[in-house]
Amino acid sequence: MSMKIRGEVAPKTVVSKKWTLLLCVGCFCVGMLFTSRWTVPESKGIARTTAMEAEKLKLVSEGCNPKILHQKEVKRDSKDIIGEVFRTHNAIHTLDKTISNLEMELAAARAVHESIVSGAPLSEDIKTDEPTRRRRYLMVIGVNTAFSSRKRRDSVRATWMPQGEKRKRLEEEKGIIARFVIGHSATPGGILDRAVEAEDRKHGDFLRLEHVEGYLELSAKTKIYFATAVTLWDADFYVKVDDDVHVNIATLGETLVRHRPKRRVYIGCMKSGPVLSQKGVRYHEPEHWKFGEAGNKYFRHATGQLYAISKDLATYISINQHVLHKYANEDVSLGSWFIGLDVEHIDDRRLCCGTPPDCEWKAQAGNICVASFDWSCSGICRSVERIKEVHRRCGEGENALWSATFR
């Protein structure tokens with residue numbers, strides 16, 4: 001039995017191995033079939049997707065890095081920042097010029113409106129045609145004078161201020177306006193006003209202001225002068241000079257032309273005198289307490305005998321004249337109006353030379369003075385008698401004016 005049993009078991013073992021082998025081969029083939037159909041294409045697709053999106057994934061991963069992101073932003077911004085600054089600067093410059101022109105036109109319209117409202121007669125210069133009023137001049141020279149200064153005015157006419165046809169030529173060829181500046185008396189239409197009107201009919205060289213004359217009102221007069229002048233004439237510079245000062249007009253023009261590119265410039269002999277608190281003394285400052293302790297000095301400002309300001313500053317005074325504070329001394333008042341503004345102060349000592357021999361020595365050395373006067377008198381001492389001598393010894397000569405180009 002043992003042999004029988006052993007013989008029956010053996011065949012079963014052989015069949016089982018064959019079927020097992022066939023089953024394994026079949027499973028392998030089926031597995032290869034499914035693997036080639038599904039697995040291989042899937043792996044190829046994944047490979048293609050990774051190649052296409054690798055750079056995107058890199059960018060995304062880098063973008064999540066704050067440091068790399070900041071570096072890229074800075075690099076991109078630095079390429080355009082110079083161009084942006086340049087374009088912004090040009091835009092601001094254009095806007096600034098537009099605003100300045102509009103302010104000037106507003107000041108002119110306001111002055112005319114106030115004259116109409118007050119019932120005051122318009123100046124002949126305001127009545128001129130638009131093209132004439134819009135002409136560009138180099139400078140307007142306003143000679144500050146008073147009702148009692150007829151002899152001083154005549155001495156100026158006889159020396160450094162051209163008259164008649166020469167004055168018209170000065171305006172047309174050189175672009176220089178020169179006028180005696182005076183207001184009205186406390187009694188309008190009185191003898192003082194009639195005398196000035198008669199003098200103006202003879203010479204035609206006055207600028208009449210809507211202002212009541214008085215020594216203590218010089219600050220107000222200065223303010224009204226600039227406001228009126230910038231309304232009547234479109235000039236690069238506006239000059240104020242006293243009627244007891246000698247002026248070389250050509251040298252003045254050559255001096256100002258050098259500063260023409262500057263928008264806001266204030267030219268004169270800069271000083272800083274003491275603030276006088278004691279009553280009864282000349283140049284007493286009633287508001288001395290505003291300048292600090294006793295013994296303090298004023299801020300830097302141009303001496304009052306002669307100074308010049310650019311058009312932008314004259315326009316600023318015209319627009320803000322109702323709120324600009326007036327101190328006792330007009331040169332201090334003018335300097336105070338520019339505090340806090342972006343103004344360039346030019347200290348030129350040729351605008352305050354002494355009378356001969358000082359100005360004569362400088363002229364002989366080739367350094368002709370713009371203005372000459374005596375500090376002790378705040379003008380030429382006894383100017384009516386002495387200004388001709390100063391003109392002869394320190395004057396630039398008439399040919400200097402007509403040959404000047406002012407460019």
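FYI, side chains are in, hydrogens and waters are out, and symmetry mates aren't considered; it's all heavy atoms of this structure. Small disclaimer: the values here were computed from a predicted structure and weren't measured. Residue numbers count from 1 along this sequence.
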Practice problem: Would you mind checking if Arg349 and Asp347 are paired as a salt bridge, meaning a charged N to carboxylate O distance below 4.0 Å? | Solution: yes
Quiz prompt | Shortest non-hydrogen contact between Tyr298 and Pro274, atoms and distance | solution = CE1-O, 3.5 Å
Quiz item: With a 4.5 Å heavy-atom cut-off, do Leu209 and Tyr225 have their side chains touching?
Solution: yes
Exercise. Please check if atom NZ in Lys168 has more than 12 non-hydrogen atoms from other residues, nucleotides or ligands closer than 6.0 Å.
Key: no
Quiz prompt | Closest contact, heavy atoms only, Phe206 versus Asp200 | solution = N-OD1, 3.4 Å
Quiz item: For Cys353 and Cys394, is the interatomic SG distance under 2.5 angstrom?
Solution: no
Quiz item: How many angstroms lie between NZ in Lys223 and NE2 in His322, if you round to the nearest 0.5 Å?
Solution: 8.5 Å
Quiz item: What are the two closest heavy atoms between Ala229 and Val140, and how far apart are they?
Solution: CB-CG1, 4.3 Å
Practice problem: Pick out which of His301, His259, His345 makes a ring-ring contact (aromatic ring centres under 6.0 Å, His included) with Tyr266. | Solution: His345
Practice problem: Taking the side chain as every heavy atom from C-beta outward, state whether Val239 and Leu306 have any pair of such atoms under 4.5 Å apart. | Solution: yes
Quiz item: Taking atom CZ of Arg386 and atom CZ of Arg393, what is their separation to the nearest 0.5 Å?
Solution: 9.0 Å
Quiz prompt | Positive for side-chain hydrogen bond (donor to acceptor under 3.5 Å, both in side chains) with Lys221, one of His211, Glu330, Glu213 | solution = Glu213
Self-check item: Glu254 vs Arg350, salt bridge (Lys or Arg N to Asp or Glu O under 4.0 Å): CA-CA, chis, key distance, verdict
Solution: CA-CA 12 Å; Glu254 292 169 354; Arg350 292 183 304 160; over 6 Å; no
Quiz item: Does Arg135 pair with Glu172 as a salt bridge, N-O distance under 4.0 Å?
Solution: no
Quiz item: Is there a side-chain contact between Phe338 and Leu341 (heavy atoms, below 4.5 Å)?
Solution: yes
Quiz prompt | N-O pairing of Lys290 and Glu287 below 4.0 Å | solution = yes
Quiz prompt | Atom CD1 of Ile339 with >12 non-hydrogen neighbours under 6.0 angstrom | solution = yes
Exercise. Step through it carefully: locate the ring centre of Phe226, locate the ring centre of Tyr238, and say whether they are under 6.0 Å apart.
Key: no
Quiz item: Looking at Ser310 and Arg264, what are the two nearest heavy atoms and their distance?
Solution: OG-CA, 3.4 Å
Exercise. Pick out which of Ile368, Val370, Thr255, Leu401 makes a side-chain contact (heavy atoms from CB on, under 4.5 Å) with Asn248.
Key: Ile368
Self-check item: Lys326, NZ atom: more than 12 neighbouring heavy atoms under 6.0 Å
Solution: no
Quiz prompt | Test: Arg153 and Asp205 ion pair at under 4.0 Å | solution = no
Quiz item: Rounded to the nearest 0.5 Å, how far does CG of Asp331 lie from OG of Ser219?
Solution: 8.0 Å
Quiz item: Any side-chain heavy-atom pair from Glu398 and Lys166 closer than 4.5 angstrom?
Solution: yes
Practice problem: May I ask you to decide whether Asp243 forms a salt bridge with Arg152, counting only side-chain N to carboxylate O separations under 4.0 Å? | Solution: yes
Quiz item: Does atom NZ of Lys271 have more than 12 heavy-atom neighbours from other groups under 6.0 Å away?
Solution: yes
Exercise. State which residue, out of Met139, Glu171, Arg167, fulfils the side-chain contact (heavy atoms from CB on, under 4.5 Å) condition with Ile176.
Key: Met139
Exercise. Please state whether the rings of His288 and His284 are parallel, tilted or perpendicular, taking 30° and 60° as the class boundaries.
Key: tilted
Quiz item: Side-chain contact, heavy-atom cut-off 4.5 Å: Ile141 with Val241?
Solution: yes
Quiz prompt | Arg169 to Trp402 six-membered ring, cation-pi geometry met (6.0 Å, 45°) | solution = yes
Self-check item: Heavy-atom closest pair, residues Val181 and Gly142
Solution: CG2-CA, 3.6 Å
Self-check item: Test item: Trp160 side-chain N/O and Val245 main-chain N/O as donor-acceptor pair under 3.5 Å
Solution: yes
Quiz prompt | Trp375 CH2: over 12 foreign heavy atoms closer than 6.0 Å | solution = yes
Quiz item: Given Ile309 and Ile317, is the side-chain contact (heavy atoms from CB on, under 4.5 Å) satisfied, shown in steps?
Solution: CA-CA 11 Å; Ile309 62 175; Ile317 293 174; 3.9 Å; yes
Quiz item: Hey, are Arg263 and Asp312 close enough for a salt bridge, meaning a charged N less than 4.0 Å from a carboxylate O?
Solution: yes
Practice problem: State, to 0.1 Å, how close Leu313 and Val265 come at their nearest heavy-atom pair, and which atoms those are. | Solution: CD1-O, 3.4 Å
Quiz item: Is there side-chain contact between Phe237 and Ile267, with at least one heavy-atom pair below 4.5 Å?
Solution: yes
Exercise. Before accepting this row, confirm whether a basic side-chain N of the pair Arg208/Asp193 lies closer than 4.0 Å to the acidic partner's carboxylate O.
Key: yes
Quiz item: Is the shortest heavy-atom distance from the side chain of Lys297 to the side chain of Val275 under 4.5 Å?
Solution: no
Self-check item: Check ion pair Lys151-Asp154 (N to O, under 4.0 angstrom)
Solution: no
Quiz item: Angle class for the Phe299/Phe291 ring planes (parallel below 30°, perpendicular above 60°, tilted otherwise)?
Solution: tilted
